[in-house]
Amino acid sequence: LDSETVSEKVVTAKPEESSKERSENDISDTLSEGQQMENPNAHLMHIGSWLVKEFKLGRPVAGTGLWSCCGKTIQMSIYCTSIQSRKTFPKELMNLKHEKDVYEDSSTEEFKSRVNRRKQILQHHIENSQKLEDYRETPQIVVKSEDDEIMTISDTKLTKEEEALKLACSKDSTFNAPMLVAWLIRHHEEEPTTINGLSFLLKHLETGEGCYLMQRHGVMAAVLRIQRFYSKYPNHNASILLSVLTVMARLLDCNYTRSLLLEPSTPNAENADPEGITTAAFSIAHCHMNSRAHMDAALRCLAQCCRSEPCRALIIHRNYVPYTIQGAKPFLYDRSIARNMLRLLNWLSTDADRMQVVCRQRAVELALSVLRRHSADRPVVGVAAAFLARAATSEPAAMQVVLARKAVPDVIQALRVVHDDEGVQRALLLLLQALAKTSEGFRQIDATRGGWQTACQGTALGDALMHALPGPLNNSGWCLGDSPHQSGLEMQAAQAKRVAQERSAVQLGPRSNWTSSSLQEFMGMSLKGQTLAINNDRRTVFFELISTLDLLPKVEMHVEGLHHAVGIVPDREGREAWFQRVKEYEKQNGLQLDEMVATVVDMRRREAQQKLHQQLQAEQTMLNAEEQPTLLEAIAKPLFVQGVLITSKSLAEGEVSIEERMRKLMGTDGGDLTQPDQDSKS
């Protein structure tokens, strides 16, 4: 079938014919034309009409924009979805028309409730807009507190929706971070959007939580895209590039986000791009070498990048060092630029090869000029001294430059200024130590007035040396009258003596003053029934534990008048206070003194029994079975009969029983002592 025949049949189809008759007629026409094999899907051709799509108030009307036979929504389609859809769709279409009539019927309750709901929503929006307008136009009351603080009070309070809307438009909100990053990536070509977005970023990145949140949403990708786009015309977009550098510097200053941005091997570092960050910072610095603000921010970023090994290798490979030094030289009067430049050099020269590369670019001369210019600035002096000390000890050429520039007086002057900063002083002393190992450096220290005294300050021997050499602090003699300036050793000895005298005024009672009986009396315990040692075991062990744990009651001897003692007033710890201290000790350490006492007593009794058992076993092994009594005889009481000791040995010698021995001793001749005689029977 061609398209004309199909369209003609579809358009001229009579609505009063049934779908079955129409399909049979189509099939018969197709068969009659001999095209049965050419179109096997002819029975699925649309038999209905296309219902034009209608709209009402901008919304499509149900039951329009589809084929009336099967409900298919594609107007240019030829075939129905299926034969089954021809049977089910007419019913669905009738239901849609019925629901449409019910929906538009104004007499139903559903229609009335829907209209009322729309009215309420519209009224709510009108009231909110009116409140917001009144809040903007309402004059605010200014109140001045007692602390001269100005407070603004408004009579109208915003609702939760209005507060959320107002907060979303402020720079303090952190809920718009994902939207902000996505908006910057999508609309980075629009200059107003970029400027406002960067200002929002700078506000968010003032805290560590903001840096973490922005890094998690991929803010560095948006910043690098902005930098690449606006670097095409750097002179016209200097403010935007400065904001980009500031954002990068804040992200790199954060200890958490730095590793995630510069170390690809760090876990959760999917957005790490050390090459892109380093290249972006250097390109902006190279284009704005005459701007102090741009150079400061760029050097700050590059210095933080040098804390990562991939960035260090990239800077050395691309030879960024001479360009950064050349750009920083005109601004060495600025302490921030000087410090960031020296930090870059110090973190970049991690090994001997890199130190040699850095020193070839006249980095030592730059550090010496910074040391002379900023001799009173401790952070700058510390970084300069650390770099010079490392360079002088590892690179001979750097040592020659330092000695040729006569830097020893500058180092000594810096030592005098930072005498109370241990970190900076240590870096300077390391540099001075390296210089003193050479003959020229030793000579320069000798030639500097007070050089050795300054180098020795802060130590006991150096302090004594300052008082021994000529000068305003010299002690001319050895006696007190000729030594007005005491050295550190003398002052420490005098202070120790004074502290010992003060401590002697407040002494704790000796532990030997307390005994078990005095402690029981202090505790309020009865001292009756203390004759036997078995009754004193628990109390003795308790006293020993209290003494070992240093929990004895305290007795302080207060001296009235430290230097002129008038009398000694004892102050003894009260019973309740002592019990509270003991309970507090038990609570802190999780123990019970009563349980410890019972355990110790039980252990001691077991040890005594074990010791006695071992002693008896040892005696038994030493005794001879023939010459020594048995263990039972040694334990049993001796048996005496008329003053004669009866033993097993004496009985064995007489070969008589005990009964016969008794008869002999009693003077009886024969007869059984165990049987009664005749007289007794009668």
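Just so it is clear, the structure is predicted and the values come from calculations on it, not from any experiment. We number each residue from 1, following the sequence as shown.
- Side-chain N/O atoms of Arg250 and Thr257 include no donor and acceptor closer than 3.5 Å.
- For the pairing with Cys301, the side chain to side chain contact (heavy atoms under 4.5 Å, CB included) check across Leu344, Leu252, Val247 returns one residue only, Leu252.
- With Arg300 as reference, Asp253 is the one residue of Thr246, Asp253, Asn340 to meet the side chain to side chain donor-acceptor pair (under 3.5 Å) rule.
- Under 3.5 Å, the side chains of Ser291 and His288 contain no donor-acceptor pair of N or O atoms.
- With hydrogens and angles left out, the side-chain atoms of Glu189 and Thr194 include no donor and acceptor closer than 3.5 Å.
- Here His46 and Tyr79 keep their ring centres 6.0 angstrom or further from each other.
- For the ring-ring contact (aromatic ring centres under 6.0 Å, His included) test, no residue two or more places apart in sequence or in another chain qualifies with Trp347.
- Legend: residues meeting salt bridge (charged side-chain N to carboxylate O under 4.0 Å, His left out) with Arg405, ordered by chain and number and at least two apart, are absent.
- Neither side chain, Glu263 nor Ser259, offers a donor N or O lying under 3.5 Å from an acceptor on the other.
- Within the 3.5 Å criterion, the main-chain N or O of Leu51 finds no donor-acceptor partner in the side chain of Thr64.
- Electrostatic pairing of Arg318 and Glu275 counts as a salt bridge here, judged by a charged N lying under 4.0 Å from a carboxylate O.
- Between the side chain of Asn237 and the backbone N or O of Ile240 there is no donor-acceptor pair closer than 3.5 Å.
- Remark: the backbone N or O of Leu44 is paired with a side-chain donor or acceptor of Arg86 at under 3.5 angstrom.
- Judged by distance alone, with hydrogens and angles left aside, the side-chain atoms of Thr73 form no donor-acceptor pair with the main-chain N or O of Leu66 at under 3.5 Å.
- With hydrogens and angles disregarded, no donor-acceptor distance shorter than 3.5 Å links the side chain of Tyr333 to the backbone of Arg373.
- The backbone N or O of Ala414 lies less than 3.5 Å from no partner atom in the side chain of Ser375, so there is not a single donor-acceptor pair.
- At distances below 3.5 Å, not a single donor-acceptor pair connects side-chain atoms of His204 with backbone N or O atoms of Leu201.
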